[in-house]
Amino acid sequence: MPSVPSLSLAARAALAVVLVAFVGCRALPDAPASAAPPESVRRDAPLTAAPKERVRLVLIGDTGMPGPAMEAVHRAVVAEAKDYVIVLGDLVYPEAPLCRDGTMSADVRALLDQRIGTALRGLGAPVLLVLGNHDVAHARRDPDREACILAYAAAEPELLMPSRAYTLDLGVAILALLDSNDLDDEQAVMARAAFADHKGWKLMAAHHVLRCYHDKSSEDSVRPWLAQHRLKPDAWLNGHAHLLQFGVYEGIPALTSGATAAARDRPACPPSCGEGQLFGGSMPGYAVVELTDKQMDVTFKDTDGNELFAWKRTR
């Protein structure tokens with residue numbers, strides 16, 4: 001495996017993953033280490049040293065509102081075969097609380113237990129988190145709210161979020177998990193360093209959309225950032241739009257999986273497909289990305305596990 005700057009979570013050695021949070025001149029804020037995960041999510045061999053030939057990621061987003069839809073998605077994800085779950089932002093509705101001194105009061109912890117813990121505990125695999133716009137009260141940066149979520153994740157054995165932006169080397173792929181509330185030069189440096197000379201798929205996961213139709217369709221912050229920094233991932237993975245959607249835009253596959261806690265009723269694709277769009281649906285559900293050395297398989301499913309759409313790309 002190539003050598004890349006890495007941030008090791010020593011207290012989570014049983015998970016056997018290497019997380020990278022290198023951003024050139026300074027590091028993004030780190031969360032404190034947490035206790036070892038329970039046996040149900042423990043990994044016995046480092047993925048970077050002995051990578052699996054196949055990695056399966058389940059993607060869900062906009063999970064921060066308890067209710068029947070979130071409960072249905074939770075049950076479906078538990079039943080799904082997976083190595084990791086990626087939660088694509090908006091972990092807390094309507095907005096995350098403040099932790100100005102980096103510690104949580106009993107009331108703050110109770111709120112985060114209700115919004116994050118109930119939704120994401122017990123899914124049967126390590127859970128990787130990214131920040132959404134609700135998590136920072138619709139600001140670009142909100143360190144006091146960010147601190148709450150980082151501290152909460154650090155104290156939860158099944159949750160992984162060492163910094164507001166970080167990377168994970170899966171062997172067959174390298175994954176950059178970004179804070180798209182404030183896509184900056186430092187995150188570009190981080191992604192480029194992680195991607196350099198890596199032989200696997202190069203994926204980016206964040207909250208905001210690369211391109212979307214019928215919901216968040218006017219937003220365009222990701223595309224110019226990628227272009228400015230000459231970054232072209234093999235896939236962009238996001239939540240934010242409260243639906244399931246997939247398309248290929250300027251050669252980049254873009255997957256939207258935000259139909260969990262608050263799915264919105266929007267036109268389906270087909271027939272109402274925008275340019276480059278291949279699929280769109282408004283039912284609660286989730287997406288699966290399965291990776292081997294030679295192939296990426298993308299599948300969207302409803303909460304009964306029924307396949308809604310499938311797409312693949314080979315190398």
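- Side-chain contact between Gln245 and Phe300 is absent, with no heavy-atom pair separated by less than 4.5 Å.
- When all heavy atoms of Ala261 and Gly64 are compared, the closest pair comes out as CB-N, 4.4 Å.
- Shown here is Asp113, whose CG atom has more than 12 heavy atoms of other residues, nucleotides or ligands within 6.0 Å.
- Remark: side-chain polar atoms of His74 are paired, donor with acceptor, to backbone N or O of Arg121 under 3.5 angstrom.
- Put simply, the side chain of Met204 reaches to within 4.5 Å of the side chain of Leu226, judged on heavy atoms.
- Side-chain N or O atoms of Ser180 include one that pairs as donor or acceptor with a backbone N or O of His208 at under 3.5 Å.
- Salt-bridge check for Arg115 with Asp90: failed, with every basic side-chain N at 4.0 Å or more from each acidic carboxylate O.
- Between Thr118 and Pro66 the shortest side-chain heavy-atom distance does not fall below 4.5 Å.
- In this structure, the side chains of Arg313 and Trp201 come closer than 4.5 Å at one or more pairs of heavy atoms.
- With hydrophobic clusters built from ILVMFWY side chains whose heavy atoms lie under 4.5 angstrom apart, Val209 does not share a cluster with Val248.
- Atom CD of Gln114 is separated from atom CE of Met65 by 8.5 Å, given to the nearest 0.5 angstrom.
- Here Cys212 pairs with nothing under the disulfide (SG to SG under 2.5 Å) rule; sequence neighbours left out.
- Partner of Leu210 under the side-chain contact (heavy atoms from CB on, under 4.5 Å) criterion, chosen from Val222, Leu237, Thr256, Asp220: Val222.
- Side-chain contact between Gln295 and Thr314 is present, with heavy atoms from C-beta onward closer than 4.5 Å.
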Start with the C-alpha gap between His240 and Glu219, add the side-chain angles, then the distance that decides, and say whether side-chain hydrogen bond (donor to acceptor under 3.5 Å, both in side chains) holds. CA-CA 11 Å; His240 196 36; Glu219 297 190 10; 2.8 Å; yes
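- Counting heavy atoms from C-beta outward, Thr167 and Met190 have side chains that approach closer than 4.5 Å.
- Residues Asp182 and Val136 fail the side-chain proximity criterion, which asks for heavy atoms closer than 4.5 Å.
- You'll find the side chain of Leu129 reaches within 4.5 Å of the side chain of Leu120, heavy atoms only.
- If you check the side chains of His207 and Asn133, you find a donor sitting under 3.5 Å from an acceptor.
- Hydrophobic clustering keeps Tyr93 apart from Val108 (ILVMFWY residues linked when any side-chain heavy atoms are closer than 4.5 Å, directly or through intermediates).
- At least one donor-acceptor pair under 3.5 Å links the side chain of Tyr213 to the backbone N or O of Glu275.
- Using a distance-only test at 3.5 Å, with no hydrogens or angles considered, a donor-acceptor pair links the side chain of Asp302 to the main chain of Asp304.
- The hydrophobic cluster containing Leu98, built from Ile/Leu/Val/Met/Phe/Trp/Tyr side-chain heavy atoms closer than 4.5 Å, comprises no other residue.
- Remark: the backbone N or O of Asp293 is paired with a side-chain donor or acceptor of Arg315 at under 3.5 angstrom.
- Thr63 pairs in a side-chain contact (heavy atoms from CB on, under 4.5 Å) with only one of the listed residues (Leu91, Val73, Leu88), which is Leu91.
- Counting only distance, with no hydrogens or angles, the side chain of Asp234 and the backbone of Lys202 share a donor-acceptor pair below 3.5 Å.
- Under 4.0 Å is where a charged nitrogen must lie from a carboxylate oxygen, and between Lys216 and Asp62 no such pair does.
- A donor-acceptor pair under 3.5 Å is formed between the side chain of Thr260 and the backbone N or O of Gly61.
- With hydrogens and angles disregarded, a donor-acceptor distance shorter than 3.5 Å links the side chain of Arg56 to the backbone of Ala81.
- Within the 3.5 Å criterion, the main-chain N or O of Arg264 finds a donor-acceptor partner in the side chain of Ser282.
- Using bins of under 30°, 30° to 60° and over 60° for the plane-to-plane angle, the ring pair Phe309/Phe279 lands in the parallel bin.
- Judged purely by atom type and a 3.5 angstrom limit, Asn238 has no side-chain atom pairing as donor or acceptor with the backbone of Ser257.
- The salt bridge (Lys or Arg N to Asp or Glu O under 4.0 Å) search around Lys301 returns Glu80, not counting sequence neighbours.
- Under the side-chain contact (heavy atoms from CB on, under 4.5 Å) test applied with Leu57, the options Leu170, Val288, Val85 reduce to a single match, Leu170.
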